[in-house]
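Worksheet for the structure shown next.
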Amino acid sequence: MHKPVKYAEKLATYAASAAWTVFDTVNRIGRNPSFTPRWSDQPLLKSWEKQKPPLGWPRETDSLCPKCVPAIRKQILDGELPVEVLRREKVGEIKAQIVQRDGKILMVKECPTHGRFEDVMSIDPAFYAHIEKVFPGRDIRAHNDEKLHDHGSSTVTHGRGSVLTIDLTNRCNMMCDPCFMDANQVGFVHELSWEEIKTLLDNAISIKPRRQMSVQFSGGEPTLSPYFLDAVRYARQVGYNSVQAATNGIEFAKSPEFCKQAAEAGLRYAYLQFDGIGNAANSHRHVGNLFDVKLRAIENLWSNGVDIVPVITLVNGVNNEQVGRIVQFALDNPKRIPFLSFQPVSFTGRDEEVTDERRQAQRYTLSHLAHDVKKQTGLGEPARDWFPISFMSTFSDWSDLVKGPAADWGQLSCGCHPNCGVGMGVMVDKETKEARPVTQFLNADRLAEDVKRVNDAARGKWLSVFGMALAVIRNYDPFQSPTHLRLTDLLKKFDKTFGATGRNYGRVDATRTRSDIDLRRADRWNFLFIAGMWFQDLFNYDFRRTEQCIIPYATQEGEISFCAYNTGIGWRNIVEKMHMTATLTKWYEERGRHEIFAGNKEVPLASAGHSMVLREGIVTLEEQKDLDRLGIAKTARDEKLRARDDRRMATLYRQHVLKEQPATELVKIQRAEEREEVGTFGD
């Protein structure tokens with residue numbers, strides 16, 4: 001039985017539908033031209049002006065050969081080829097076909113030298129089609145960006161992005177598999193100086209369109225940089241409202257005082273590495289008490305005003321069974337967890353030479369994620385409740401329109417390719433913990449079409465606000481919404497997100513105080529966003545995704561797409577080598593070694609206490625065994641060890657059965673083993 005207010009709200013939706021018909025008819029007459037805001041030299045785009053890459057299937061795109069690229073990169077690193085070749089030529093590029101076969105979407109490509117490669121893009125064509133269908137189009141083309149966007153085929157060409165990533169150091173206090181950046185393993189230290197950090201942040205605000213972005217300090221482990229707190233403080237100073245740290249949480253767990261200092265410097269979010277619920281679910285990271293570290297980091301950070309985003313690298317057969325447990329953990333702790341970032345594995349860094357057998361067994365896609373959330377929690381329908389992250393750009397366009405031409409910054413806009421990232425919004429009652437997918441009670445497809453009409457008319461602020469309110473109300477179904485959610489709560493949530501009316505929900509800019517943080521947290525409703533961001537590797541690389549990347553890396557060689565930097569041609573290896581701070585030997589001589597937690601070593605914690613809710617049965621007591629049962633290696637290190645054992649057995653066979661005397665080869669194997677051990681745990 002629904003409450004009387006729900007019936008009153010239903011009547012309001014009927015009235016809004018009738019009013020919308022009149023409003024929309026009048027609004028489409030004599031639409032205004034788009035204005036050019038202060039933060040752009042180009043006008044806002046009408047919906048029909050937005051460009052889209054080729055979508056659907058079958059289709060052809062530009063990709064890379066997984067064998068040619070590492071060889072070319074090595075030539076550049078060895079000085080046999082100049083870096084300029086990446087800007088002038090299409091090195092390693094081959095054509096790829098996106099096709100449907102056997103109920104899956106595949107990328108198929110063939111290199112004249114290395115033959116055929118094939119990989120899975122989606123296990124659900126209907127999900128894939130829905131994600132591409134609702135893609136609203138690219139953002140304004142980047143301009144005033146020639147100095148920072150000059151990377152040949154890998155150049156970012158559209159929009160400003162939404163997360164500017166700055167690696168403060170390649171040093172790390174863990175030794176993980178997988179690790180897309182191969183931290184602690186490259187034989188040298190690449191660590192930004194204070195002047196370099198300031199230069200990268202100053203450069204970032206020169207590009208137009210100048211939109212608000214999250215600035216994420218990463219690594220390695222960014223908290224190892226002596227300039228971490230200064231960098232956070234300076235990012236806020238130059239105008240960025242959302243400053244983040246991509247962290248394993250160790251330093252934050254060890255020191256509440258460090259958390260306080262970070263919060264006072266302006267840290268708003270901690271993107272916390274988080275692989276599962278329980279120490280067993282994190283055991284593949286080889287830190288004995290890693291889950292205890294995560295809980296303590298959350299406790300210390302949240303109590304000091306920093307919000308937490310668990311970031312989960314998903315590997316099929318390693319931790320895919322944790323999806324539902326992690327979602328449930330967030331639902332049980334709605335005051336602490338506003339966002340989940342699932343990241344399907346990218347076979348790069350230490351995993352670039354992955355065997356076909358392991359790649360096929362461990363491959364995990366965005367469609368896997370949507371289905372696992374449904375199967376493991378019962379939440380959401382993949383082809384109804386999941387949308388590309390770029391779907392939100394229509395609402396960002398509305399915010400840009402409402403804030404007018406005098407605004408200094410554009411609204412944050414996630415204009416990435418629909419195959420890059422997806423998400424599902426879940427409205428969670430912080431008091432009762434009741435949860436419903438937002439698109440269960442809000443017709444998102446039609447709402448976006450309505451908002452496009454409001455945007456295209458380009459009326460003044462309050463007419464645009466009125467149009468948005470009508471669109472929200474008419475697409476709302478109160479009978480499907482959470483019990484205590486009111487229509488006014490939903491309208492306030494939109495206003496709080498986009499800052500349209502000027503009402504104070506707690507400031508987020510550089511003047512933010514602890515009172516502002518508490519005011520924003522006082523909202524009864526948590527819009528839990530369950531996101532999936534799938535970074536590319538050489539087996540599924542698509543340049544149509546790279547050119548509209550929303551996560552550029554700020555480097556000494558300009559701002560480079562996340563995938564072009566970490567995967568693709570591998571700009572990271574090249575940039576870090578070009579701007580190397582010191583060899584490991586020299587660094588250790590001058591500054592000593594930092595502590596590394598590996599080999600199941602435990603992190604010393606002053607306290608392991610926490611106030612998080614851990615419901616009975618959610619904590620994993622043993623690691624996932626799927627790959628063990630199949631006899632498939634879990635990590636690059638496991639593969640190396642197996643290959644070494646195979647070589648040893650072959651050598652012993654020749655020695656004892658064939659009566660050969662390969663003593664020299666045995667010595668070489670033993671020395672190689674010793675080098676591997678030192679390389680893994682000694683740096």
Side-chain angles (χ1 to χ4, degrees), residues 66-67 70 119-120 172-187 248 273-276 278-291 312-322 343-365 368 535 537-540 566-567 596-602 620-653 666 668-683:
K67 300 296 183 183
D119 214 331
V120 177
C172 188
N173 49 9
M174 287 177 61
M175 287 292 303
C176 297
D177 276 313
C179 176
F180 63 79
M181 70 162 295
D182 210 11
N184 293 336
Q185 291 282 73
V186 293
N248 56 35
Q273 177 200 57
F274 197 95
D275 287 343
N279 285 318
N282 291 268
S283 60
H284 57 286
R285 300 287 183 183
H286 301 294
V287 177
N289 61 339
L290 192 54
F291 186 62
I312 308 97
T313 300
L314 285 172
V315 184
N316 204 38
V318 174
N319 68 332
N320 57 296
E321 292 178 354
Q322 291 295 315
Q343 297 179 356
V345 63
S346 171
F347 295 107
T348 186
R350 291 179 196 149
D351 284 310
E352 188 172 71
E353 296 181 11
V354 62
T355 62
D356 289 342
E357 178 188 51
R358 181 161 71 90
R359 174 169 56 87
Q360 291 162 9
Q362 293 186 350
R363 176 62 79 197
Y364 195 90
T365 71
H368 284 88
F535 301 117
D537 52 48
L538 288 172
F539 302 95
N540 55 30
N566 291 307
T567 66
I596 292 179
F597 296 93
N600 295 318
K601 180 179 179 180
E602 294 198 354
T620 304
L621 300 179
E622 63 176 33
E623 61 181 300
Q624 194 170 330
K625 300 289 187 181
D626 299 35
L627 298 177
D628 294 334
R629 287 190 286 268
L630 293 172
I632 295 173
K634 288 186 177 181
T635 66
R637 175 170 171 76
D638 289 341
E639 283 186 330
K640 287 180 180 179
L641 291 175
R642 291 188 182 194
R644 185 185 70 187
D645 290 342
D646 288 344
R647 292 197 307 270
R648 176 184 286 274
M649 290 301 296
T651 301
L652 291 173
Y653 175 81
L666 271 175
K668 287 181 180 178
I669 291 174
Q670 289 168 353
R671 288 177 178 170
E673 292 171 4
E674 292 168 0
R675 285 196 298 272
E676 286 178 7
E677 294 299 325
V678 171
T680 302
F681 299 109
D683 292 343

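Note: hydrogens, waters and symmetry copies are ignored here, and every other heavy atom, side chains too, is used.
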With [X], which residues qualify under side-chain hydrogen bond (donor to acceptor under 3.5 Å, both in side chains), at least two apart?
X	result
Asn282	none
Asn279	Asp292
Asp537	Arg363
Asn600	none

ring-ring contact (aromatic ring centres under 6.0 Å, His included) against Phe597, all qualifying residues, sequence neighbours excluded: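 With neighbours one apart ignored, the set is empty.
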Pairing residues for Phe539 by the ring-ring contact (aromatic ring centres under 6.0 Å, His included) criterion, not counting sequence neighbours: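 Per chain and number, Phe539 pairs via ring-ring contact (aromatic ring centres under 6.0 Å, His included) with no residue.
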Listed by chain and number, what are the side-chain contact (heavy atoms from CB on, under 4.5 Å) partners of [X], not counting sequence neighbours?
X	value
Ala633	Arg358, Asp638, Glu639, Arg642
Glu321	Gln624, Asp626
Glu353	none

Can you name the closest pair of heavy atoms from [X] and [Y] and give their distance?
X	Y	result
Glu602	Gly288	CG-CA, 3.9 Å
Gln362	Leu627	NE2-CD1, 3.3 Å
Val354	Arg359	CG2-N, 3.7 Å
Pro344	Tyr364	CB-O, 3.1 Å
Glu623	Ala280	CB-O, 3.7 Å

State, yes or no, whether a side-chain contact exists between [X] and [Y] at a heavy-atom distance under 4.5 Å.
X	Y	answer
Asn320	His368	no
Asp628	Lys634	yes
Asn319	Leu314	yes
Pro70	Glu352	yes

Taking salt bridge (Lys or Arg N to Asp or Glu O under 4.0 Å) as the test, write out the residues that go with Lys67, two or more places apart.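 Salt bridge (Lys or Arg N to Asp or Glu O under 4.0 Å) check on Lys67 returns nothing, list empty.
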Any donor-acceptor pair under 3.5 Å linking the side-chain atoms of Asp275 with those of His284?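 The criterion, which ignores hydrogens and geometry beyond distance, is satisfied for Asp275 and His284.
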Drop me the distance from [X]'s [atom1] to [Y]'s [atom2], to the nearest 0.5 angstrom.
X	Y	atom1	atom2	value
Asn540	Ser346	CG	OG	7.0 Å
Asn316	Thr365	CG	OG1	9.0 Å
Arg285	Leu290	CZ	CG	8.0 Å
Gln343	Gln273	CD	CD	10.5 Å

Looking at Asn566, is its backbone amide N or carbonyl O close enough to the side chain of Thr348 to form a donor-acceptor pair, meaning the two atoms are under 3.5 Å apart?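 Answer holds: yes.
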